[in-house]
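Encoded as structure tokens, the structure appears first; notes follow it.
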Amino acid sequence: MKCQNCDKPATFHITELTDGKPQELHLCEDHARQYLTESSGEPTPASGMAALAQQIAIGQTAEDLAQLDQQACPVCGITFFEFRSQGRLGCPHDYVCFQKQLEPLIVNIHGESEHVGKRPSRPAGGSEHRTQLIRLRRELKEAVDEERYERASQLHDEIQRIESEES
Amino acid sequence: MRLDDLTTNNGEWMRGSGPESDIVISSRVRMARNLADFPFISRTTVQDRERIESILHERVALITSENELLYLDLSKLEKVDRQLLVERHLISREHAEAQGARSVAIDGSEKFSLMINEEDHLRIQVMQSGLDLDGVWEQINRIDDLIEEKVTYAFHERLGYLTACPTNVGTGMRVSVMLHLPALVITRQIDKVFRSLQKISLAVRGLYGEGSQAMGDFYQISNQMTLGLTESELIRRVSDIVPMIIDYERQARDFLVKESHENLHDRVSRAYGILRTAQTISSEETMHLLSSVRMGVNLGLINDLNIPAINQLFIRTQPAHLQKLTGSDMDTSDRNIERARFLRRYLNKENGSHGAAEHN
């Protein structure tokens, strides 16, 4: 068999999976090396999710989408646009504040919307309670940056209080 | 244990033992977990990452009293050492290439690896040679419980464990089995197998995970969905299908033995011949030829090598491993010469009973 890119014999037979579909490639050593170094350099991990996240835009009017994109999580500050372009969420609270948008995406990925597996042994409400700390630490950093030291001190005490509740 | 010991140790998953180990290389389960009181990695500050690292480090250090733990600060490791860990499946490529405070804890037998500040705050991974997903699940579940005793994971009443990427939400669990399927590739049936796996929501990937080619005819089969099924159901989904694929592969091997024995024997012998005599050889070609040799050993066409020894070669001929063995920084062409030299030495001098004893 000849290489599909030149007249040399094909010594490499590669089965590539693109979007889950296998594709056969028959290449000579030089073309195989070129192919393999090219494809391994691609930043693949996020792309599948980013592609899914892009689907959220489908069926939205431009104005609706622009408005949606500007919505930000009150806890971590990530905007919906940032999530849509990176495919990664910013904090646990995003699942609550972007629930409406994430729901169809989650059903699309998993075909289900309810967890039925293992649960932490500690009270489940504790997790959301701890999430507050993300917002408080962010506010503390902002207060310090803006030299609002009285506010910073209040926030510091509050963070200490919540942190010590657990340990 | 030190990092440099890894280059000469036989890690758990290439031990070449356990049920169905002629075809099943390893069984692996990983879990994604996040602390409730920190943002996901992409929104963390430098300080956040350092704190997450120290909280989880402290917790992880307490869980494996029975085994010696190797704790590695990835932000301080050389690139070649991080690459070495990727080649041994102890960290992900993403984890190796990321920035900032991040680490991994590995047990002495390379069964467990706990990645801190990967895509999620914590990724727990347990691997075992051969097909034994139930055993792996039991171990990872215990580790997860032990860590959770002292930390609060991000958890949602309805959605379960929360992860940076919605593809992992719910159980946060990925179950995978690595298979060696050369006969299905030769008989061109592999596509058909993939298509049927996709229909039942199982993903197929190459040796090094997402985006990697199916080098050396190795394929990882894993669950695509993580929500809406219990952990045991996810384990069962994968473990139910694996015996069928093993069966297809065995049938394809039988077919090759019966219908084109000369071609098969020729293919295997040539592959072995090239590996023993080549003067320069790329990693890809090595994998490709080792795959034929591995099948040849399984079918009794090569008698002076054993499976653990070949599994070793798949790993030790990878770029970072070669570099560590020779102790010098090499470019691709030097590495190809060194790889060929290593293979000649390993396969010519150390075959037979001597080699088997040394590499078992």
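Within every chain, numbering begins at 1; the chains are lettered A, B, ... in the order of the sequence lines, protein sequences first and strands thereafter.
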Within the side chain of A/Arg130, is there an N or O that forms a donor-acceptor pair under 3.5 Å with the backbone of B/Ala36? no

Evaluate side chain to side chain contact (heavy atoms under 4.5 Å, CB included) for A/Arg138 paired with B/Arg43, printing each intermediate quantity in order. CA-CA 11 Å; A/Arg138 189 163 71 97; B/Arg43 299 294 290 184; 5.7 Å; no

Select one option (side chain, backbone, both, neither) describing which atoms of A/Ile78 are under 4.5 Å from chain B's heavy atoms. both

What are the two closest non-hydrogen atoms of A/Arg119 and B/Tyr161, and how far apart are they? C-OH, 3.5 Å

Any side-chain heavy-atom pair from A/Ser121 and B/Glu148 closer than 4.5 angstrom? yes

I want to check something: taking the side chain as every heavy atom from C-beta on, are B/Phe40 and A/Pro92 in contact at a cut-off of under 4.5 Å? yes

In terms of heavy-atom pairs under 4.5 Å, which option from A/Asp94, A/Thr131, A/Leu89, A/Val75 contacts chain B the most? A/Leu89

The interface call for B/Gln47 against chain A, heavy-atom contacts under 4.5 Å, is neither

Using non-hydrogen atoms and a 4.5 Å limit, figure out which bit of B/Ser42 sits close to chain A: side chain, backbone, both or neither. side chain

Which atom of B/Pro166 lies closest to which atom of A/Leu105, heavy atoms considered: CG-CD2, 4.4 Å

Should the pair A/Arg137 and B/Phe38 be classed as cation-pi, given the thresholds of under 6.0 Å to the six-membered ring centre and 45° from the axis? yes

For A/Glu142, I'd like to know if atom CD has over 12 heavy atoms of other residues, nucleotides or ligands within 6.0 Å. yes

Looking at A/Glu103, A/Lys141, A/His93, which makes the most heavy-atom pairs under 4.5 Å with chain B? A/Glu103

For chain A, which candidate among B/Val169, B/Leu197, B/Leu234, B/Asn34 shows the most heavy-atom pairs at distances under 4.5 Å? B/Val169

Verify side chain to side chain contact (heavy atoms under 4.5 Å, CB included) between B/Leu227 and A/His115, making sure each step is shown before the conclusion. CA-CA 5 Å; B/Leu227 183 69; A/His115 176 61; 3.9 Å; yes

Do B/Arg158 and A/Gln99 have side chains that approach each other closer than 4.5 Å (heavy atoms only, starting at C-beta)? yes

Highest number of heavy-atom pairs under 4.5 Å with chain B: which of A/Leu136, A/Ile134, A/Val96, A/Ile106? A/Ile134

Tell me, for A/Gln132 versus chain B, whether the close heavy atoms (under 4.5 Å) come from the side chain, the backbone, both or neither. neither

For chain A, the option from B/Ser92, B/Ala164, B/Gly160, B/Ala154 that forms the most heavy-atom pairs under 4.5 Å: B/Ala164

Among B/Asn141, B/Thr171, B/Thr230, whose side chain to side chain donor-acceptor pair (under 3.5 Å) with A/Lys118 holds? B/Asn141

Side chains of A/Glu114 and B/Glu157: closer than 4.5 Å at any heavy-atom pair? no

Backbone of B/Thr163 reached by a side-chain donor or acceptor of A/Tyr95 within 3.5 Å: yes

Sort B/Thr44 into side chain, backbone, both or neither according to what part of it lies under 4.5 angstrom from a heavy atom of chain A. neither

Taking the side chain as C-beta and beyond, is there a heavy-atom pair between B/Thr226 and A/His110 under 4.5 Å? yes

Ranked by heavy-atom pairs below 4.5 Å to chain A, first place among B/Asp145, B/Asp48, B/Leu35, B/Ile41 goes to B/Asp145

Honestly, the part of B/Leu229 sitting under 4.5 Å from a heavy atom of chain A is backbone

